[in-house]
Protein chains: 2
Amino acid sequence: MAERGRVRLIDVARAAGTSVSTVSRALNGSDRISPQVVAHVRAVADELGYRADRRAQEFKLGRPRTVGVTVPDLANPFFSEVLKGLGAAARADGHRLLIGESGEDPAEELRLVEELADHSGALVLCSSRLTRAGLDRALALPVPVVCINRTVKNAGVVAIDYRAASRLLLEHLTGLGHRRVLYVGGPAASWSDAERRRTLRRTARSLDVTLDEIDGGWSGHHGYGAGPTVLRSRATAVITFNDLVGVGLLSWLHDNGVEVPAELSVTSYDDIPIAAYSRPPLTSLRNERARLGELAWRQLAGRLAGEEWPRPDLLAPVLVVRASTGPARRRVRIRAH
Amino acid sequence: MAERGRVRLIDVARAAGTSVSTVSRALNGSDRISPQVVAHVRAVADELGYRADRRAQEFKLGRPRTVGVTVPDLANPFFSEVLKGLGAAARADGHRLLIGESGEDPAEELRLVEELADHSGALVLCSSRLTRAGLDRALALPVPVVCINRTVKNAGVVAIDYRAASRLLLEHLTGLGHRRVLYVGGPAASWSDAERRRTLRRTARSLDVTLDEIDGGWSGHHGYGAGPTVLRSRATAVITFNDLVGVGLLSWLHDNGVEVPAELSVTSYDDIPIAAYSRPPLTSLRNERARLGELAWRQLAGRLAGEEWPRPDLLAPVLVVRASTGPARRRVRIRAH
DNA sequence: TTGTATGCGTTATCAA
DNA sequence: TTGATAACGCATACAA
């Protein structure tokens with residue numbers, strides 16, 4: 001019995017010799033109804049294999065219990081973890097996740113957001129690549145929006161505290177004697193990357209560290225490709241946009257005979273699981289990604305309950321020191337290449 | 001103007017001085033309608049900022065254009081890629097992805113499947129951990145189901161050709177002189193793991209290779225933890241369940257002074273991006289994970305169009321040989337530990 | 001070509 | 001405590 005022959009409320013009512021309202025009440029546990037009727041209706045419903053049409057229910061009831069989420073890239077472990085936390089929290093409150101991937105493309109993300117909004121009661125934008133105008137359109141939609149890793153007015157905000165993060169990183173490096181640091185950047189439209197650069201610059205100034213920057217990306221490929229530029233620089237320590245980039249860079253350095261950390265220290269943001277198993281293991285900033293997702297749902301749940309947006313949730317990262325960072329070497333040796 | 005003040009079809013009709021059906025037809029591009037009216041209605045609709053309620057539309061029209069997907073673990077890059085391919089293909093055909101994560105738990109997966117089925121027009125189970133009985137219940141749902149990496153009757157099937165995969169791996173190893181191989185397994189309820197074991201055993205027999213097996217898991221942690229057992233074994237080559245396990249194992253071997261591949265060869269399944277950047281780079285079986293998702297959607301699309309299930313799509317992997325495998329050493333040196 | 005009226009499956013309002 | 005009926009927002013068969 002395919003979709004067509006589906007058992008409806010009225011079928012149960014007929015079989016039970018009663019009305020749809022009674023059946024509805026019996027099944028939904030209303031109080032103003034006799035226990036015998038409830039038992040009878042339940043029995044009949046079971047026998048017929050009745051399953052309520054949840055779509056019709058939600059349509060009638062109003063807001064869909066679905067949370068729309070956009071991520072730039074599903075293959076990035078950072079977002080996987082955020083989705084995990086978000087999904088678990090939302091699910092615990094009876095909500096589902098509708099997920100869209102923008103492919104790092106702002107225009108596509110905007111299409112996605114409008115599409116998702118049509119089927120969701122709330123929206124979460126992970127590391128949104130939306131333009132300022134695009135974001136305004138998103139916020140004008142008739143659903144509450146939380147941004148993860150992007151600060152925005154009139155919306156929920158959950159983000160990593162990059163100010164604290166950058167300070168932890170640079171203080172660790174200066175503690176090891178590094179005075180010249182190179183930052184290998186991330187995706188162009190990334191707020192996180194902009195924020196990392198901004199806070200690194202600021203902190204570098206206050207710590208009297210010389211900070212150079214080059215463009216990069218988000219994957220191991222980008223890190224490997226940055227190898228030659230890194231080597232040509234006069235930096236004794238490198239900070240990469242994330243661990244994937246860091247691991248890619250480590251790989252290039254190894255292939256080209258550069259000792260880490262003896263000749264060059266490498267460190268990065270995020271501390272995804274693989275960071276512990278790279279060679280050498282990567283010093284990285286651990287952040288509670290799953291918690292980002294969880295907090296996003298908390299904010300949404302509050303908002304849906306009629307509350308105002310709370311203050312942004314800022315998550316402080318923890319520096320996990322591993323073997324990829326060590327004392328700065330005395331002299332920068334320039335190699336031909 | 002929040003959810004309440006939403007502009008409906010009837011509002012547009014009133015403002016345009018016409019009826020709902022005319023507006024509906026004008027907006028949906030029906031043919032039997034005069035161009036002037038269309039223009040007028042469109043103008044009014046724009047002015048009012050009308051956006052059709054897609055939920056109501058789909059409710060009225062019937063099947064939801066949503067694909068429900070379950071994965072054991074969102075943080076596993078294998079599934080991320082599958083989701084990518086599936087999402088892109090489904091989206092190109094106007095469908096969205098409703099995603100649920102089972103946490104490797106068969107009972108949770110069953111709950112998830114029933115929940116997703118309530119809101120989807122089709123289901124994709126990625127590496128389902130469902131019991132036989134659970135799977136039967138899933139297939140009894142009024143939506144078409146495709147299984148990725150699990151063979152099942154009366155459903156769509158898209159899978160990696162593990163028979164070919166295992167043969168590629170073992171032939172590569174025997175070509176290097178290995179006669180004794182150890183397999184570090186995956187998650188308990190995993191069909192993929194069972195299939196890898198089955199095909200490895202069979203191929204090992206035909207190639208006269210001695211195959212030992214130990215239990216493992218799916219993460220780097222599991223691989224690292226398997227280190228001592230691996231070392232105690234008499235194998236000259238190790239095959240791990242996937243690259244994450246492989247990378248974890250490499251890390252342990254390095255920490256304990258075991259040279260790879262001089263003393264031990266390591267290889268695995270999947271070839272996720274990180275495999276190319278591990279130290280040493282991992283010999284692994286590349287499979288087109290995104291294509292798995294894409295093919296799953298193709299099967300569903302056909303089925304939804306009224307066709308029968310096609311034959312299972314089997315994807316042949318390609319062996320990517322890197323530096324983690326080399327000639328078998330002559331003697332197995334047993335170390336104290 | 002346009003308008004009226006019905007129904008999708010459910011819940012909620014109102015009488016009985 | 002129950003039952004008939006009106007919504008929810010839209011699309012469409014049918015009537016005009």
Checking contacts here: which listed nucleotide (C:dG9, D:dA11, C:dT10) is nearest the side-chain heavy atoms of A:Tyr50? C:dT10
From the set D:dA11, D:dG9, C:dA12, return the single nucleotide nearest to any side-chain atom of B:Ala56. D:dG9
Hey, is the side chain of A:Lys60 pairing donor to acceptor with the base of C:dA12 inside 3.5 Å? no
d(CD, B:Glu58; C1', D:dC8) in whole Å: 16 Å
On DNA chain C, check which nucleotide each of B:Pro35 and B:Phe59 is closest to and give me the residue with the more 5' one. B:Pro35
Between D:dT2, C:dT10, D:dG9, which one does the side chain of A:Leu9 approach most closely? C:dT10
Give the rounded distance in Å between these two atoms: CZ of A:Arg14 and C1' of D:dG3. 15 Å
For A:Ile10, report the nucleic acid contact type (base, sugar-phosphate, nothing); a contact means any heavy atom under 4.0 Å. nothing
Atom CD1 of B:Ile33 to atom P of D:dA11: distance rounded to whole Å? 13 Å
Can you tell me if B:Asp93 and B:Trp297 form a side-chain donor-acceptor pair at under 3.5 Å? yes
Consider the side chain of A:Ser19, meaning its heavy atoms from C-beta on, and name the nucleotide among C:dT2, D:dG9, D:dG3 that approaches it most closely. D:dG3
Between atom CD of B:Glu308 and atom CG of B:Asn154, what is the distance when rounded to the nearest 0.5 Å? 9.5 Å
Keeping B:Ser120 on the side-chain end and B:Leu123 on the backbone end, is there a donor-acceptor pair under 3.5 Å? no
Side chain of B:Ser24 (C-beta onward), nearest among D:dT12, C:dT2, D:dG9: D:dT12
Which nucleotide in the set C:dA5, C:dC8, D:dA7 lies at the smallest distance from any side-chain heavy atom of B:Val20? C:dA5
Report the nucleotide, chosen from D:dC10, C:dC8, D:dT5, that has the shortest atom-to-atom distance to any side-chain atom of A:Ser21. D:dT5
Would you call A:Glu114-A:Arg137 a salt bridge at under 4.0 Å N-O? yes
Phosphate oxygens OP1/OP2 of D:dA11: is one of them under 4.0 Å from a side-chain N or O of B:Gln57? yes
Side chains of A:Leu125 and A:Arg150: does their closest heavy-atom pair fall under 4.5 Å? no
Are A:Thr18 and D:dG3 close enough that a side-chain N or O sits under 4.0 Å from OP1 or OP2? yes
Please tabulate, one pair per line, each protein N/O and nucleotide N/O from nucleotides 14-16 of chain D that are separated by under 3.5 Å, including the distance.
none

Suppose the criterion is salt bridge (Lys or Arg N to Asp or Glu O under 4.0 Å): which pairs have a residue in residues 35-52 of chain B, not counting sequence neighbours? A:Asp118-B:Arg51
How far apart are the C-alpha atoms of A:Leu304 and A:Arg63, what are their side-chain angles, what is the distance that settles it, and do they pass the side-chain contact (heavy atoms from CB on, under 4.5 Å) test? CA-CA 10 Å; A:Leu304 289 170; A:Arg63 189 178 60 77; 3.6 Å; yes
Compute the bend angle of the helix from C:dT1-D:dA16 to C:dA16-D:dT1 from the end axes (five pairs per end), rounded to 10°. 50°
With respect to the side chain of A:Ser34, which nucleotide from C:dT10, D:dT1, D:dG3 is positioned closest? D:dT1
Taking CD1 in B:Ile10 as the centre, count heavy atoms belonging to other residues, nucleotides or ligands within less than 6.0 Å. Is the count above 12? no
Check this for me, if you would: do A:Arg111 and A:Glu108 make a salt bridge, where the nitrogen-to-carboxylate-oxygen distance has to be below 4.0 angstrom? yes
